[in-house]
Number of protein chains: 2
Amino acid sequence: MTTASTGAPRWLTDEEQHTWRAYLHATTLLEDHLDRQLQRDAGMPHTYYGLLVQLSQAPRRRMRMTELARNAKITRSRLSHAIARLERNGWVRREDCPSDKRGQNAVLTDDGHAMLSRSAPGHVEAVRQAMFDRLTPEQVKSLGEIMKALATGLEPEGANADLPWLR
Amino acid sequence: MTTASTGAPRWLTDEEQHTWRAYLHATTLLEDHLDRQLQRDAGMPHTYYGLLVQLSQAPRRRMRMTELARNAKITRSRLSHAIARLERNGWVRREDCPSDKRGQNAVLTDDGHAMLSRSAPGHVEAVRQAMFDRLTPEQVKSLGEIMKALATGLEPEGANADLPWLR
DNA sequence: TCTATCTAGTTCAACTTTCAAGAAAAGGTC
DNA sequence: GACCTTTTCTTGAAAGTTGAACTAGATAGA
C-alpha cells in the first residue's frame with residue numbers, strides 16, 4: 001500500500017550506488033561517533049541529549065510530550081521511556097499540564113540545564129571536527145540543501161500521509 | 001583524551017547550524033523510513049538486511065565474522081547476536097573456518113538468498129523514492145563526495161586510531 | 001445527557017544494541 | 001616447550017527501541 005512495486009525494478013546507477021554506500025557508511029560512523037562521545041562525556045545517548053537541547057530552547061524550558069516527540073522525530077512511546085530515564089537522572093521533571101488534564105509537560109531542571117552547559121562545548125567541538133572541519137563552505141551549503149530536500153520528502157505531511165504523523 | 005576542550009568553544013555559524021539540524025532531521029527520518037519498510041516487507045531491520053546483502057556479494061556467499069562486522073561497521077558482539085537471529089530465521093548458517101579453528105564463516109543460505117531476491121526490488125524502490133528521485137544528478141554527485149569526506153575523517157585508521165578498529 | 005470517537009500519554013512484551021567479561025586458538029619470544 | 005600477548009568469537013545482563021494494547025480525558029453529535 002505504501003510503495004506499489006509495479007513493473008521492472010528501477011535499479012541504481014553506478015553513481016547512485018556509490019553515493020548510497022557512502023551515505024550509509026558515513027552516517028553510521030558519525031552516529032556511532034557522536035553517540036560514544038556523548039555517552040562518555042554526558043552519560044547519555046545522542047537522542048536524549050537532543051531532547052534536553054530542545055527543552056532548553058523551548059519558552060519556559062518545558063514542552064508538551066507530543067510536541068517534543070514530534071520535534072525530535074521519535075515516537076511517543078520512545079519519548080516516555082526517555083523522559084523516565086532523564087527524570088531518574090534529575091535532568092528533567094514531569095509536570096501536569098494545566099489546560100489539559102491528559103497532558104504532561106517535560107521540564108528541564110536546573111541540574112539538567114547545568115549538565116547541558118557543561119557538555120555543550122565538547123559536543124559542538126565533536127560535531128565541528130567530524131563534519132565542518134572536513135567540508136568546504138560550498139559543501140556545507142550544498143549538504144544543507146540536500147538534507148532539506150530529503151527531509152521534505154519524508155515528512156509526514158504531503159504525499160505520504162497515511163500515518164498519524166509518524167508511523 | 002579524544003577531544004581536548006581547550007580554549008573558547010568554536011560555536012557553529014548560522015549556516016552550519018542550519019545544515020546540522022537538517023542533517024540530523026533527514027538522516028533520522030530516512031533511517032526510520034527504511035527500517036520500517038524492511039521490517040514490513042522483509043521482516044528484519046535495516047542492519048540485518050545489510051548483512052545479507054554483504055554476504056550475497058561475497059565470493060562463495062560467505063564471509064568471516066570479523067570481516068563482515070568491519071564491512072558493516074558494527075561490533076563483533078552485535079554481529080554475533082544478529083547472525084544468531086538470522087540463523088534462527090534460516091537465512092544464514094554458521095560454518096567453521098578450515099584454516100583458523102577460532103574462526104567462523106557466516107554463510108547465506110538458499111532461503112536467505114531467495115528472501116533477498118524477493119525483497120530487493122522493493123527496497124531499491126524505497127531508496128530511490130526517498131533519495132534519488134528528490135535530488136539532481138549534481139546533488140547526487142556532491143552528496144557522494146561529501147559523505148566520502150566525512151567517512152574518511154571517522155574511519156578507524158588515520159588520526160583517531162586509539163580504537164581497536166571500532167570503539 | 002449519553003454515546004461514540006479521538007487524543008495524550010503510559011505500559012508491557014518482544015526485540016535490538018551495548019558493554020564488560022570470558023573461552024579458545026594463534027602467534028610470538030625466550 | 002613454556003609464557004605472554006593478541007585475535008576471534010560468544011555470552012549475559014543492562015539499556016534502549018518498537019508496536020500494540022490500554023487508561024483517562026477531551027470532543028462532537030444525537
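Chain naming here is simple, since letters A, B, ... match the order of the sequence lines and numbering starts at 1 in each.
Distance B/Met44 CE to D/dT17 P: 22 Å, rounded to the nearest Å. Counting to the nearest Å, the P atom of D/dT18 and the CD atom of B/Gln39 are 10 Å from each other. Regarding A/His46, its NE2 atom lies at a distance of 18 Å from the C1' atom of C/dT18, rounded to whole Å. Atom-to-atom, CD1 of B/Ile83 to C1' of D/dC9 comes out at 12 Å; the value is rounded to the nearest Å. Regarding B/Leu86, its CG atom lies at a distance of 13 Å from the C1' atom of C/dC15, rounded to whole Å. Computed from coordinates, the B/Asp35 CG to D/dG19 C1' distance equals 13 Å when rounded to whole Å. Distance A/Ile74 CD1 to D/dT18 C1': 12 Å, rounded to the nearest Å. Straight-line distance from the CZ atom of A/Arg102 to the C1' atom of D/dG25: 5 Å, rounded to whole Å.
The phosphate of D/dG16 (OP1 or OP2) has a side-chain N or O of A/Arg85 nearer than 4.0 angstrom. Checking the phosphate oxygens (OP1, OP2) of C/dT17, a side-chain nitrogen or oxygen of B/Thr47 falls inside 4.0 Å. Distances shown here put a side-chain N or O of B/Arg64 below 4.0 Å from the OP1 or OP2 atom of D/dC9. A close approach under 4.0 Å does not occur between any side-chain nitrogen or oxygen of A/Ser77 and OP1 or OP2 of C/dT10. Distances shorter than 4.0 Å separate some side-chain N or O of B/Arg94 from OP1 or OP2 on D/dT10.
With distances taken from any side-chain atom of A/Gln104 to the nucleotides D/dA26, C/dA25, C/dG9, the minimum falls on C/dG9. Residue A/Ser80 has its side chain nearest to C/dG9 when only C/dT7, D/dT6, C/dG9 are considered.
A donor-acceptor pair is defined here as one N or O able to donate and one able to accept, closer than 3.5 Å; no such pair exists between the side chain of A/Gln39 and the backbone of A/Arg36.
We find that B/Arg62 and B/Glu95 are joined by a salt bridge, their nearest charged nitrogen and carboxylate oxygen being less than 4.0 Å apart. B/Asp133 has a carboxylate O that lies under 4.0 Å from a charged side-chain N of A/Arg10, or vice versa, which qualifies the two as a salt bridge.
Between the base of D/dT18 and the side chain of A/Arg78 there is no donor-acceptor pair shorter than 3.5 Å. In this model, no side-chain donor or acceptor of A/His81 finds a partner on the base of C/dG9 within 3.5 Å.
If you find the closest nucleotide of DNA chain D to A/Ser99 and to A/Tyr48, the one lying nearer the 5' end belongs to A/Tyr48.
Residues A/His46 and A/His33 place their aromatic rings such that the two centres sit no closer than 6.0 Å.
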Name the atoms and distances for all side-chain donor-acceptor pairs under 3.5 Å in residues 114-121 of chain B, with sequence neighbours left out.
residue  : atom : partner  : partner atom : Å
B/Ser117 : OG   : B/His113 : O            : 2.9
B/Ser119 : OG   : B/Met115 : O            : 2.7

